[in-house]
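Before any comments, here is the structure.
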There are 2 protein chains.
Amino acid sequence: MMIEDAALRLFAEQGYEATTVEQIAAEVEISTTTFFRYFPSKADVILCHQDANMPQLRAAIIAYPPGESDLTAVEHAIKQVWVPNADPLHSQRAGQAVAASVSLRGLYNEMSRNWLEGIAAALAERRGLREPDETAIITARVALGVFNEAVRAWGSKGYKAGVGTEVDRAFARLRQLSAEWAN
Amino acid sequence: MMIEDAALRLFAEQGYEATTVEQIAAEVEISTTTFFRYFPSKADVILCHQDANMPQLRAAIIAYPPGESDLTAVEHAIKQVWVPNADPLHSQRAGQAVAASVSLRGLYNEMSRNWLEGIAAALAERRGLREPDETAIITARVALGVFNEAVRAWGSKGYKAGVGTEVDRAFARLRQLSAEWAN
DNA sequence: CAATATATTTGCGGTGCCTCCCATTTTATG
DNA sequence: CATAAAATGGGAGGCACCGCAAATATATTG
């Protein structure tokens with residue numbers, strides 16, 4: 001979409017907060033009214049992208065063989081669905097913008113919350129539950145936390161190489177720590 | 001503070017979004033300008049509270065005997081510092097408001113991020129590191145996730161009884177799951 | 001007590017995000 | 001070509017928030 005491209009470019013050039021909706025609209029020669037018809041908010045230009053992966057992610061979790069642990073199911077789903085779809089350039093721009101803007105972080109975390117609920121629900125479904133129990137929720141929270149750390153680490157290395165490596169490392173570290181935590 | 005009381009009351013009565021700063025200011029007979037002198041933003045009326053616990057939390061983590069695991073140190077610090085200071089009424093009002101408002105959730109998560117960094121830094125310091133390594137960050141993420149789940153569970157039970165019980169349960173569940181995850 | 005220095009508070013204008021409504025243009029359809 | 005449907009634009013307005021300069025209260029002196 002043209003609006004998205006122009007917006008991301010302006011954000012990269014002059015920062016997210018410093019870019020007004022009016023500027024973005026002018027760049028694509030539309031009115032601000034039309035802008036808000038396509039994106040519910042300025043922040044959504046950056047973030048609405050991510051939600052697209054949720055259905056596949058859910059499906060991958062549900063379809064994962066029930067013999068394995070919940071955590072493994074989530075890890076596998078992320079590697080199968082999210083990792084291949086991750087675009088370094090877009091991730092970098094979005095990552096920078098999110099890091100620099102409070103309100104963007106707000107929306108980003110809002111999205112994470114949706115993921116949390118989606119993952120927890122998928123885990124529940126995988127085990128034949130109506131709604132997520134404590135185990136599902138905690139697993140989802142931990143998995144998401146580890147995943148976020150992997151993305152952060154990826155970013156701190158300049159978004160080079162694949163995210164897959166970072167995801168692998170983060171989950172491996174979690175499993176290693178788990179041995180310490182288990183009672 | 002009077003402003004805070006009036007604001008929380010209005011939020012509870014008519015919702016967070018539906019309450020304007022002007023109303024709050026009028027209630028305490030000050031101007032909106034003065035309101036923003038005391039609180040950097042409308043959302044901060046609800047959230048600025050929590051940050052007060054951070055220094056003690058950090059101290060408790062650092063002081064915890066190094067023989068125990070990082071996770072235990074965080075768990076103990078939360079139970080020692082946060083749990084006794086938790087006010088059910090305030091938690092309930094704040095919880096409701098946060099659940100109902102996107103922008104409040106934004107600020108709330110922003111706060112969580114500060115906690116994450118604070119806890120990770122404290123864990124690093126406890127082990128004599130300059131800055132947090134992957135282990136510290138992942139532990140902090142997991143611990144915060146579990147803690148948030150405990151607070152959520154507390155809320156879903158009407159903020160009755162102590163949070164302590166919920167915190168205990170959530171961490172116990174994590175340790176149980178850890179046995180499954182360990183490789 | 002009076003005069004002066006110092007905070008604190010206030011009003012006001014302005015910006016930016018975002019919403020609602022209605023008129024107008026464009027596009028698709030028969 | 002006419003008619004319906006969809007996309008667009010403009011304008012008014014609300015709210016959070018900022019910056020500034022005036023006004024008010026408070027404290028400190030002579």
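From a predicted model like this one, the values you see are computed outputs, not experimental measurements. Residue numbers start from 1 in every chain, and the chains themselves are labelled A, B, ... in the order their sequence lines are given, proteins ahead of strands.
- Remark: A/R130 does not engage A/E125 in a salt bridge, criterion side-chain N to carboxylate O under 4.0 Å.
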Atom pairs and distances, side-chain donor-acceptor, residues 144-151 of chain A, under 3.5 Å, sequence neighbours left out:
| unit_1 | atom_1 | unit_2 | atom_2 | d |
| --- | --- | --- | --- | --- |
| A/N148 | OD1 | A/Y108 | OH | 3.3 |
| A/N148 | ND2 | A/L144 | O | 3.4 |
| A/E149 | OE1 | A/R152 | NE | 2.9 |
| A/E149 | OE1 | A/R152 | NH2 | 3.4 |
| A/E149 | OE1 | B/R141 | NH1 | 3.4 |
| A/E149 | OE2 | A/R152 | NH2 | 3.1 |

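- The separation between B/E29 atom CD and C/dT8 atom C1' is 17 Å, rounded to whole Å.
- In this structure, A/F11 is a member of the same hydrophobic cluster as A/M1, with clusters built from ILVMFWY side-chain heavy atoms closer than 4.5 Å.
- For B/F35 and C/dT9, the CZ to P distance is 14 Å, given to the nearest whole Å.
- Straight-line distance from the CD atom of B/E17 to the P atom of D/dA16: 9 Å, rounded to whole Å.
- Using a 4.0 Å heavy-atom criterion, one finds that A/T32 contacts no nucleic acid atom at all.
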message: For a side-chain hydrogen bond (donor to acceptor under 3.5 Å, both in side chains) check, start with the C-alpha distance between B/Q80 and B/Q56, then their side-chain angles and the critical distance, and finish with the verdict.
response: CA-CA 9 Å; B/Q80 191 187 337; B/Q56 296 171 62; over 6 Å; no
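- B/I30 has its CD1 atom 16 Å from the P atom of D/dA25, to the nearest Å.
- Proximity of B/S31 to the phosphate of C/dT10: a side-chain N or O atom is located under 4.0 Å from OP1 or OP2.
- Atom CZ of A/F39 is separated from atom C1' of C/dT19 by 18 Å (rounded to the nearest Å).
- When the nucleotides D/dG11, C/dT10, D/dC17 are ranked by their closest atom to the side chain of B/K42, D/dC17 comes out on top.
- Summarising the geometry, the separation between CD on A/E22 and C1' on C/dT15 is reported as 10 Å, rounded to the nearest angstrom.
- Atom P of nucleotide D/dA7 and atom CE of A/M2 are separated by 17 Å, given to the nearest angstrom.
- Among the atoms of the strands shown, none is found under 4.0 Å from any heavy atom of B/Q23.
- Contact annotation: A/Y38 does not reach the phosphate of D/dA7 (side-chain N/O to OP1 or OP2, under 4.0 Å).
- Phosphate contact (OP1/OP2 of D/dG9, side-chain N/O of A/T34, threshold under 4.0 Å): present.
- Cation-pi geometry between B/K42 and B/Y16 is met: the NZ or CZ atom falls under 6.0 Å from the ring centre, inside 45° of the normal.
- In the hydrophobic cluster analysis, where Ile, Leu, Val, Met, Phe, Trp and Tyr join through side-chain heavy atoms closer than 4.5 angstrom, A/W154 is grouped together with B/I138.
- Among the nucleotides C/dC21, C/dG16, D/dC17, the one closest to any side-chain atom of A/T20 is C/dG16.
- Ranking D/dC20, C/dC18, C/dT9 by closeness to the A/F36 side chain, first place goes to C/dC18.
- Side-chain proximity of A/V21 to C/dC17, C/dT10, D/dA16: nearest is C/dC17.
- Toward the 5′ end of DNA chain D lies the nearest nucleotide of B/S41, the other residue of the pair B/R37 and B/S41 mapping further downstream.
- For the residue pair A/S41 / A/D44, a side-chain donor-acceptor distance below 3.5 Å is found, with atom types taken as modelled.
- Straight-line distance from the CD1 atom of B/I24 to the P atom of D/dA16: 8 Å, rounded to whole Å.
- Residue-environment remark: CD (B/E117) exceeds the threshold of 12 foreign heavy atoms within 6.0 Å.
- Rounded to 10°, the angle separating the first-five-pair axis and the last-five-pair axis of the helix from C/dC1-D/dG30 to C/dG30-D/dC1 equals 0°.
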